[in-house]
Amino acid sequence: MIEDFVKASLEQDIGRGDLYALVEPSVEASAKIIAKSDGVTAGVEYINVLAKLENFEISWNVHDGDSFLKGAVLATLKGGSHVLLKIERTLLNMLLHASSIATLTKKYADIVEPYGVKLLDTRKTRPLLRVFEKYATRCGGAVNHRLGLDDSLMIKDTHLKTIKDLKSYIKKARKKIPFTAKIEVEAETFYDAKEAFAAGADIVMCDNMRPEQIREVVKYRDENFLHVLLEASGNISLETIESYAKTGVDAISSGSLIHQANWIDLSMKMD
């Protein structure tokens, strides 16, 4: 899957061929990837595949998940000049995209870490980039939520509009979905959460609840359904995530890890 992604990314940029290569012969060359801002590394796994496909050497000074400071040399490249110049933008786009997501994710992860809460990503990803973007959140310290509809059964508010009896639905679902698949139910109120507990949910998502409301749900869970996991979600930001981490939930999910990540600054310089 990674190789297919890298090939498609490169083909998008090259088209029918790099016109630069028509003019001058290739010579042996080297280049450096330089950080022009602070960040967290992600993309090494993909770029190593690019190096193998295009037959150039890359020596890394960082690994996926490592933090770096402005001015750091992240990697050194060696190969034919035509190759290095051809792959420059594809390499930087992958490294920038993934590292930018990892950089923001690390800020969230550092806040919740003292509370023993798992930081989760969501399915709010760019089309066809889900695997890549969720890989980037892992590099920043998050744990992946489901990758798709086939991972686990999540019953959201839109689904609940079509379900007359939640307990009966879950009982039926247990007979049809894979044995290892969990069932998660979205709850917008304390009453919704109680209904989800009683219906047999494995995970209850407290969606768009205030921290004080979630503490109520946590207390009820701890006294009656200790085996059920609790997730907080819904417009959770860097400014508010700590207040949710303090509630006692098991996990906090945020689409912001991906869709609010601003690109950091990296460049490739030929020696």
Side-chain angles (χ1 to χ4, degrees), residues 33-47 60-75 92-126 129-147 184 203-215 217-218 221 229-266:
I33 306 299
I34 300 171
K36 297 171 74 176
S37 60
D38 300 347
V40 174
T41 311
V44 172
E45 190 173 341
Y46 283 72
I47 292 163
W60 292 97
N61 297 320
V62 289
H63 301 93
D64 278 337
D66 287 351
S67 297
F68 55 81
L69 298 175
K70 180 180 180 180
V73 176
L74 305 187
L92 287 174
N93 280 353
M94 290 192 294
L95 190 61
L96 279 163
H97 191 149
S99 296
S100 299
I101 291 171
T103 299
L104 180 58
T105 301
K106 181 70 161 54
K107 293 178 181 178
Y108 279 84
D110 285 347
I111 294 172
V112 303
E113 195 274 334
Y115 302 98
V117 177
K118 291 184 186 297
L119 176 66
L120 310 177
D121 53 26
T122 73
R123 282 165 52 239
K124 292 179 181 177
T125 58
R126 293 162 182 83
L129 292 178
R130 180 163 298 163
V131 171
F132 181 68
E133 292 183 331
K134 280 178 170 283
Y135 149 77
T137 68
R138 290 200 306 275
C139 293
V143 175
N144 291 150
H145 206 292
R146 58 180 183 160
L147 283 165
E184 180 168 5
I203 307 168
V204 174
M205 177 198 284
C206 299
D207 188 49
N208 287 304
M209 289 190 194
R210 298 188 305 276
E212 55 269 27
Q213 292 175 298
I214 294 176
R215 277 192 287 270
V217 176
V218 171
R221 185 277 304 268
L229 296 172
L230 283 176
E231 174 187 341
S233 188
N235 297 309
I236 294 173
S237 66
L238 273 175
E239 292 71 33
T240 63
I241 194 168
E242 187 170 18
S243 63
Y244 287 92
K246 290 177 178 178
T247 61
V249 293
D250 302 287
I252 298 172
S253 58
S254 176
S256 297
L257 308 182
I258 292 172
H259 63 66
Q260 294 299 312
N262 294 318
W263 275 32
I264 57 175
D265 197 358
L266 307 172

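Predicted model, so just to flag it, every value in this text is computed and none were measured. Just the heavy atoms: all of them, side chains too, but no hydrogens, waters or symmetry mates, feed the values below.
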Glu113: side chain to side chain contact (heavy atoms under 4.5 Å, CB included) partners, not counting sequence neighbours: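 Result, side chain to side chain contact (heavy atoms under 4.5 Å, CB included) vs Glu113: none returned.
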Could you check whether any side-chain heavy atom of [X] comes within less than 4.5 Å of a side-chain heavy atom of [Y], counting everything from C-beta outward?
X	Y	value
Trp263	Asn93	yes
Tyr244	Ile214	yes
Trp60	Ile47	yes
Leu104	Leu238	yes

Point-to-point distance, once rounded to the nearest 0.5 Å, from [atom1] of [X] to [atom2] of [Y]:
X	Y	atom1	atom2	value
Ile101	Thr137	CD1	OG1	7.5 Å
Met205	Leu230	CE	CG	11.5 Å
Ile111	Ser243	CD1	OG	10.0 Å
Ile241	Lys107	CD1	NZ	13.5 Å
His145	Leu147	NE2	CG	11.0 Å
Thr247	Ile252	OG1	CD1	6.5 Å

[X] to [Y] - nearest heavy-atom pair and separation:
X	Y	answer
Val62	Val44	O-CG2, 4.4 Å
Gly141	Thr105	N-CG2, 4.2 Å
Arg210	Glu212	NE-OE2, 2.9 Å
Ala42	Ala102	CB-CB, 3.8 Å

Check: [X] side chain, [Y] main-chain N or O, donor-acceptor pair, under 3.5 Å:
X	Y	answer
Tyr135	Gly43	yes
Thr103	Val40	yes
Asp64	Cys139	no

Given Leu96 and Ile264, is the side chain to side chain contact (heavy atoms under 4.5 Å, CB included) satisfied, shown in steps? CA-CA 7 Å; Leu96 279 163; Ile264 57 175; 4.2 Å; yes
Could you tell me which residues satisfy ring-ring contact (aromatic ring centres under 6.0 Å, His included) with Phe132, sequence neighbours excluded, listed by chain and number?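 Per chain and number, Phe132 pairs via ring-ring contact (aromatic ring centres under 6.0 Å, His included) with Phe5, Tyr46, His97.
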Just to verify, what does [X] make a side-chain hydrogen bond (donor to acceptor under 3.5 Å, both in side chains) with, not counting sequence neighbours?
X	result
Asp38	none
Asn235	Asn208
Arg215	none
Ser253	Glu231, Ser233

Yes or no on side chain to side chain contact (heavy atoms under 4.5 Å, CB included) for Lys124 and Ile258, after CA distance, side-chain angles and deciding distance? CA-CA 8 Å; Lys124 292 179 181 177; Ile258 292 172; over 6 Å; no
Quick one: salt bridge (charged side-chain N to carboxylate O under 4.0 Å, His left out) partners of [X], sequence neighbours excluded?
X	value
Glu133	Arg126
Asp265	none
Arg123	none
Lys106	Asp110

Check against side chain to side chain contact (heavy atoms under 4.5 Å, CB included), Leu119 and Leu257: CA-CA 10 Å; Leu119 176 66; Leu257 308 182; 4.1 Å; yes
Enumerate, atom names and distances included, each donor-acceptor pair closer than 3.5 Å involving a side-chain atom of residues 66-73, sequence neighbours excluded.
{"unit_1": "Asp66", "atom_1": "OD2", "unit_2": "His63", "atom_2": "N", "d": "2.8"}
{"unit_1": "Asp66", "atom_1": "OD2", "unit_2": "His63", "atom_2": "ND1", "d": "3.4"}

Is a side-chain donor-acceptor pair under 3.5 Å present for Ser237 with Thr240?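 Distance-only check passes for Thr240 and Ser237.
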Just grab all the salt bridge (charged side-chain N to carboxylate O under 4.0 Å, His left out) pairs involving residues 238-263, residues at least two apart or on different chains.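 Qualifying pairs: Arg221-Asp250.
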